[in-house]
> 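I have a structure I would like to understand better, so I am pasting it below and will then ask my questions one at a time.
Quick caveat, the model's predicted, so the values are computed rather than measured. By convention in this document, chain letters (A, B, ...) are assigned in the order of the sequence lines, proteins followed by strands, and residues within each chain are numbered from 1.
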Amino acid sequence: MDDKQLYAMRHSLAHITAQAVQHLWQDAKFGVGPVVENGFYYDIDLGETKISEDDFPKIEAEMLKIVDANYAFEQSKKSIDEAITWAKEAEQPYKHELLNDLKRAGTTVAKDLDAAELGVESTGDSAVESVSFYTDGDFTDLCRGPHATTTGSVGVFKLMRVAGAYWRGKSDNAQMQRLYGVAFQDQTELDTYLHQLEEAKKRDHRKLGQELDLFVFSPLVGSGLPLFTPRGTIIRDELTAFAETLRVASGFQRVSIPHITKTELYKVSGHWDKFGEELFLVKSQETSDEFALKPMNCPHHNQIYAARPRSYRDLPIRYFETTTVYRDEKTGELGGLSRVRSISQDDSHVYARRDQLQTEVGRLVSDVQTLYSALDMPLRARLSFRDASEKYLGDPELWNVAQATIRDLATENKLKSFEAEGEAAFYGPKIDFMALDAIGREHQVATIQLDFVQPQRFDLEYTDEHGEKQQPVMIHCAILGSIERFLSVYIEHTAGRFPMWVSPEQLRVIQVKDSPEVVNFVQQLVSAAREKGLRVTVDDDNQSVGKKIRDAEMWKVPYTLVIGEKEVQAERLKPRVRSDLAVLGGEEREYEVDQLLQSLANEIKARASKSSL
RNA sequence: GCCACCUUAGCUCAGUUGGUAGAGCACCUCAUUCGUAACGAGGAGGUCGCCGGUUCGAUCCCGGCAGGUGGCUCCA
């Protein structure tokens, strides 16, 4: 089965879903029902009636009846006026609205998917002449197709969930119920998909964060405000330390700023107008000044740049800092570490001359590549450029140069990339990096953004070789991005089996007997391991060895040593190696004590290259 | 912020058609001194998320709030 057939199949199922719902609730009003990844949905307005997952068996049974009836999908055409009459008679206000828009403007004003859904025949500017309908059995819907030939040939499906969705995606419109389903060619493919969902659930960072004791939330502290435990903090620190090492090597200087500022700062930067609602405001009891928790760092960093006169010889000036910003995200949008209200960033700002852009952006691209290759995550870059609209600020010629530069760099650095027109920020083009995780999902992570606007707003300048004042270009870059979000991605990527250098606990010593000889040996082993810089713990609980081994496995500790009388006498150790590491080359064999500790210490140092394991 | 669903011991979850609750794991004590994924016995642990209403009586029904989940909208 090719993609086209699969598409037609899923699309037909969207119709069948609506048809089944209409059989069950005669007064259902329908929105649109497109194909999405792995399946389809249909937006339905049932007034006061709420569909719940308990209704799914009922709806699915009705759908199967329609499938069994094996109705043919038949296309017909109506003139736009006939279609409007049809919508009126069928009491379908949403279809009616869409058809009216079609008649008036030739396209619907809403998303592109509307147009694709509606059977728009003419793509020109002129009003639409005729529209296409599909009928199967007792159900007719405005639709361009294509469809399966009959309702009997639509593969296997399963309704997954019901969710609220705004009519035409606008939050001031009526909210409809969106019924989601997945559909595949056969049962095996559906089972595979459902199995993948289970796998994804197993590595859900919220679950692993709980199981591995990495972070917690407290209702007293507030939602979207994660608290990192000692274990979680080690992971954070290791990852940020790595990113910081790259910064230092690239000539960045660390700076440090307070977490609040007078709101005046954002009135100058322009963020107040655009994002004022997402600021946390802070009141002074002493002065009349209004303060805000910083939602970004650039305006602060700009003040450091602006504090002295700068020469063209000083540039580029590169500041970096790992720090937290605060955004009053809407509560419904928060979730785990993926979307939080205290966002830590490995943020940086370069102030550069135009002729330095290429080198500076190139260096950042290469730092991003270094980090993600060390973390075993393939990257894809989205080159986010401007489109023809008016919303972009700054010198158009500078835009052209910058976009060309970005394009060249992508080629030079052999970046897997694609261009996205209209994705640029209003202040400049950017490169957004997407990382591919171990189960094939893409996540937006690092970002490099050129900024032509803030230097102007803040009157940033330098003196060129002719004594003239010039404006620098700013480059924003975060390699990890939001560290919280990155952790959510990385925990799921590794499924909690962190590489040695990231692991909160690198070596666990299981003490078998508490005889003085064994205790003494373990103590010496632990201090020797600490001297080598290993994070080591001892399990001397009064439990069976089997139980302690199990615990170490559950905590996903990379290396475990069982120490009893045998080891004390032989002075040779055979570590138990976490299975994924063993595959990579950490073989299970016997070592002398010093030899083993040295080899583990080497593995930590080798974080950036797997080959040296 | 909007829609739907959810909240019972530290964790995972039973349960009560309205008469104030239970398991497994974890924890503590005792016993055991063990050999590479769970030894055993006993104990402690709960204002059934919070506030209000209905009721003789609410963990259960109703309302509000908080927190969570899935979406929508948004994302400097």
> Find the distance A:Phe56:CZ to B:C5:C1' and express it as a whole number of Å.
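Rounding to the nearest Å, CZ of A:Phe56 and C1' of B:C5 are 11 Å apart.
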> Mind calculating the distance between CZ (A:Arg327) and P (B:G1) to the nearest angstrom?
19 Å
> So for A:Glu567 and B:G35, does any side-chain atom that can act as donor or acceptor lie under 3.5 Å from a complementary atom in the base?
yes
> Answer with yes or no after comparing the ring centroid distance for A:Tyr351 and A:Tyr319 against a 6.0 Å cut-off, counting only values under it.
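So the answer is yes for these two rings.
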> Taking any heavy-atom pair under 4.0 Å as a contact, classify A:Phe217: base, sugar-phosphate, or nothing.
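Counting heavy atoms under 4.0 Å across all strands, no contact is made by A:Phe217.
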> Given B:G1, B:A76, B:G67, which nucleotide is nearest the side-chain atoms of A:Pro219?
B:G67
> Between A:Arg178 and A:Lys566, which residue's closest nucleotide on RNA chain B lies nearer the 5′ terminus?
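In this pair, the answer is A:Lys566.
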> What is the separation between atom CG on A:Leu212 and atom P on B:G10, rounded to the nearest whole Å?
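Rounding to the nearest Å, CG of A:Leu212 and P of B:G10 are 21 Å apart.
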> Assess the pair A:Tyr94 and A:Phe30: is the distance between their ring centroids shorter than 6.0 Å?
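For A:Tyr94 and A:Phe30, the ring centres are not under 6.0 Å apart.
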> Looking only at side-chain N and O atoms, does A:Thr324 offer a donor or acceptor that is under 3.5 Å from a partner on A:Ser344?
yes
> Let me know the distance between CZ of A:Arg550 and C1' of B:A37, rounded to the nearest Å.
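My rounded result for the distance is 6 Å.
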> If I pick the C1' atom on B:G68 and the same atom on B:C11, what distance separates them, to the nearest angstrom?
16 Å
> How many Å lie between CD on A:Gln543 and P on B:C39, as a whole number?
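That distance rounds to 6 Å.
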> Pick from A:Arg203, A:Arg206, A:Arg441: which one makes a salt bridge (Lys or Arg N to Asp or Glu O under 4.0 Å) with A:Glu492?
A:Arg441
> Looking only at non-hydrogen atoms, find the nearest pair between A:Arg457 and A:Ser269 and report the distance.
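Closest pair (atom of A:Arg457, atom of A:Ser269, distance): NH1-O, 2.9 Å.
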> If you measure from the C1' atom in B:G18 to the same atom in B:A37, how many Å do you get, rounded?
46 Å
> Across the strands shown, which category fits A:Lys274 at heavy-atom distances under 4.0 angstrom: base, sugar-phosphate, nothing?
nothing
> Can you say whether a donor on the side chain of A:Glu333 sits under 3.5 Å from an acceptor on the base of B:U73, or the other way round?
yes
> Could you check how far CG of A:Asp514 sits from P of B:U33, rounded to whole Å?
10 Å
> Nearest whole angstrom, please: distance from the P of B:C3 to the CD of A:Gln175.
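Between P of B:C3 and CD of A:Gln175: 7 Å.
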> Please work out if A:Phe426 contacts a base, only the sugar-phosphate, or nothing of the nucleic acid, heavy-atom cut-off 4.0 Å.
nothing
> For RNA chain B, whose closest nucleotide is more 5', that of A:Ile51 or that of A:His271?
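Closer to the 5' end of RNA chain B: A:Ile51.
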> Roughly how many Å apart are B:U7 and B:C60, using the P atom of each and rounding to a whole number?
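So the two P atoms sit 12 Å from each other.
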> Pairs counted only when both distances fall under 3.5 Å, Watson-Crick or G-U: show me the 5' to 3' dot-bracket for RNA chain B, [ ] for pseudoknotted crossings and | for other-strand partners.
(((((((..((((.....[..)))).((((.........)))).....(((((..]....))))))))))))....
> On the side chain of A:Arg339, is there an atom forming a donor-acceptor pair with the base of B:C74 - under 3.5 Å, no angle test?
yes
> Pick the C1' atom in B:C3 and in B:U55, then give their distance to the nearest Å.
32 Å
> Taking atom types as modelled, find out whether A:Trp272 and A:Glu264 have a side-chain donor-acceptor pair closer than 3.5 angstrom.
no
> From C-beta outward on A:Ser223, which listed nucleotide comes closest to its side chain: B:G35, B:G1, B:G67?
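The listed nucleotide nearest to A:Ser223's side chain is B:G67.
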> With A:Arg10 as the cation and A:Phe40 as the aromatic partner, state whether NZ or CZ is under 6.0 Å from the six-membered ring centre and within 45° of the axis.
no
> Is there a donor and acceptor pair closer than 3.5 Å between the side chain of A:Glu278 and the base of B:A76?
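Yes, the side chain and the base share a sub-3.5 Å donor-acceptor pair.
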> Give A:Gly336 one of three labels, base, sugar-phosphate or nothing, depending on what nucleic acid heavy atoms sit under 4.0 Å from its own.
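Sugar-phosphate: the residue A:Gly336, judged by heavy atoms under 4.0 Å, touches backbone atoms but no base.
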> In whole Å, measure the gap between the C1' atoms of B:A58 and B:C50 for me.
15 Å
> So what does A:Gly546 hit on the nucleic acid, given a heavy-atom distance under 4.0 Å: a base, only sugar-phosphate, or nothing?
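Sugar-phosphate contact only - A:Gly546 comes under 4.0 Å of backbone atoms but never of a base.
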> Quick one: the side chain of A:Tyr166 and the base of B:G71, do they pair up donor-acceptor inside 3.5 Å?
no
> Under the salt bridge (Lys or Arg N to Asp or Glu O under 4.0 Å) rule, what pairs show up with a residue in residues 504-514 of chain A, not counting sequence neighbours?
A:Arg231-A:Glu505, A:Glu505-A:Arg508, A:Lys513-A:Glu565
> Using atom NZ of A:Lys548 as one end and atom P of B:A37 as the other, report the distance to the nearest whole Å.
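To the nearest whole Å, that distance equals 15 Å.
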> What is the nucleic acid contact for A:Val512, judged by heavy atoms within less than 4.0 Å: base, sugar-phosphate only, or nothing?
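Touches a base.
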> When we call it a touch if two heavy atoms are under 4.0 Å apart, what does A:Gln511 touch: a base, just sugar-phosphate, or nothing?
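Counting heavy atoms under 4.0 Å across all strands, no contact is made by A:Gln511.
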> Check whether any side-chain N or O of A:Arg206 sits under 4.0 Å from OP1 or OP2 of B:U69, and answer yes or no.
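Checking A:Arg206 against B:U69: at least one side-chain N or O falls below 4.0 Å of OP1 or OP2.
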> Would you call A:Glu592 and A:Arg572 a salt bridge, taking side-chain N to carboxylate O under 4.0 Å as the test?
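Looking at A:Arg572 together with A:Glu592, the answer is yes, because their closest N to O distance falls below 4.0 Å.
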> Counting just side-chain N and O atoms, does A:Thr560 come under 4.0 Å of either OP1 or OP2 of B:U36?
no
> Taking A:Glu553 as the fixed residue, which of A:Arg576, A:Arg578, A:Lys547 is the one that meets the salt bridge (Lys or Arg N to Asp or Glu O under 4.0 Å) rule?
A:Arg576
